[in-house]
Amino acid sequence: MRMPQGKKATIKDVAREAKVSISVVSYVLNSSTEKSISPATRDRVMEAAKRLQYVPNRAASGMRRKHSMVIGVVSYWELDVLVFTDMMKGITRKSSAANYRILFCHRESKQDDVSYLQYCQDGSIDGIVFIAPYESLGLIDEAFHIRQMKEAKVPFVVLNGSTHEDGVSYINVDYCGSTYLATSYLIGKGHKDIAYVAPLELHYTELERRLQGYQDAMSNSRLPVRCHDVKELPDCLHGLKAVVTNKSDTAHSVLQAAHKLGIDVPRELAVIAANTEAYSSYLFPPLSTVRIPAERMGELAVETLLEQLTGAAEPKLIMPPCALEIRQTC
DNA sequence: CAACCAACCCATAGGCTCCA
DNA sequence: TGGAGCCTATGGGTTGGTTG
C-alpha cells in the first residue's frame, strides 16, 4: 500500500496494512504490557508502520489522554547566559526522557503579561516551568505571576525564585552555599584574611544570601569578616590576600583593578567568584569559580512538575549543591 | 491468550428543524 | 427566506471490556 502524495498515514492505514484492528496497532506501538499481542502480529504491525512511515498524531493522542505532553517554559533570562542554557539542557533532557516536548515562551519587557497562561487553559501545554529572572534585575513582580498561575490552577514549578509562596515548589540556587563553598576553599588553602567584594549597597535576597554564606564560612573558622563594595575598587585591594566575589562580573572588576595596581593574581591575591559565566575561563588569568548546578536544577524542575501532573506532589524547596571549578586565580 | 469492539476525548462543520 | 438552535458526524488516537 502506498499513501497518496501529501497524505500522512494514520493508525487506520497501519491497521489495514497489517490486517489488524486499530486498537492492536495502538497497543503494539505503545508497547503496552496490559495486553498480550502475539510476536507475529507485533512484527506485522511494526513492519506496516515502518513501510507507511507512520508517525502518531500527538494532537489526537492528547485529545484522548487529556494531556498535550508539552511543558511550557516561561523565561525572562537572556538566552546567552550560561546558567540559563544549562537549565534548558536539564529541562530538555528530562522532558524528552519522559516523552514530553517543550514550548518555550521568552518574555522580554512586559512584566505583567501573563498571556502564557492561555496555553495551559487551551490545552496546548500541561504545566509550566517558570524561570524567574534575578530579583536584582527588577524585571517582574514574581509574586504576581505566581498568584496568576495559582488562580488559573495551572501546575507549575518556579526555578530561581526569590519569593516564598505557600503551596509552591521552588528549585533554587543555593546562593548561601555558593559563597560558603568558595570561602571554605580559600580557608582550606591556608588563607586567613579573606574579603568579600560585591555590590553591598543593593539589598536583594540573592546578594544577602551570598553575603551570609561568606560570613558563615568565616565565623565557623573564627576568622574576621571583611566586606567591600565594588565601588571601593581598586583601593580596597591594598593589603588583601584573598577575595571572594558574588559573581564573575565582580571578579572581573577585581582582576582589572589588581592589574591596574600591579598586583599579581594568584601569587599575591587569590580570587574566586561564587558563580560561573560562559566567559569565566577566558578571563586572564582564567577565573576560579563555583558552578551553579543549573542543569540539575532544570532536571529537578521537570521532575517536580511531572510529579504534580500525576497528582503525587507535595510543595517543596530544592537547592542542589554547587561545585568548585578551580582554574588559575586561586 | 490474542484480537477486536466500542466508548470516549473535544472542536468544528454540516445538516436538519422550527419559527418569525 | 433566512436566522437560530440543536443534533450528528468527523478527525486520530487510547483503553476498558468482550469475544472466540
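Sequence lines set the chain letters: A, B, ... in the order given, protein chains first and strands last, and positions in each chain run from 1. All values below come from the heavy atoms of this structure, side chains included, with hydrogens, waters and symmetry mates left out.
On a pure distance criterion of 3.5 Å, no polar donor-acceptor pair joins the side chain of A:Y27 and the base of C:dG13.
Partner of A:L269 under the side-chain contact (heavy atoms from CB on, under 4.5 Å) criterion, chosen from A:V254, A:D264, A:T329: A:V254.
If you take NZ of A:K19 and P of B:dC4, they are 12 Å apart, rounded to a whole angstrom. If you measure from atom CZ of A:R42 to atom P of B:dC1, you get 14 Å, rounded to the nearest angstrom. What separates NZ of A:K12 from P of B:dC4 is a distance of 16 Å, to the nearest Å. With rounding to whole Å, A:R16 atom CZ is found 14 Å from B:dC4 atom P. Nucleotide B:dC9 holds its P atom 18 Å from the CG atom of A:N57, rounded to whole Å.
Candidate nucleotides C:dG13, C:dT14, B:dA3 were compared by shortest atom distance to the side chain of A:V24, and B:dA3 ranks first.
Nearer the 5' end of DNA chain B, as judged by each residue's closest nucleotide, is the contact made by A:T41, out of A:T41 and A:I22.
The salt bridge (Lys or Arg N to Asp or Glu O under 4.0 Å) test applied to A:R296 returns A:E299, A:E303, not counting sequence neighbours.
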Applying side chain to side chain contact (heavy atoms under 4.5 Å, CB included), run through A:Y170 and A:V157 and close with a yes or a no. CA-CA 6 Å; A:Y170 291 91; A:V157 173; over 6 Å; no

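When only modelled atom types and interatomic distance are considered, A:S95 and A:R101 share no side-chain donor-acceptor pair under 3.5 Å.
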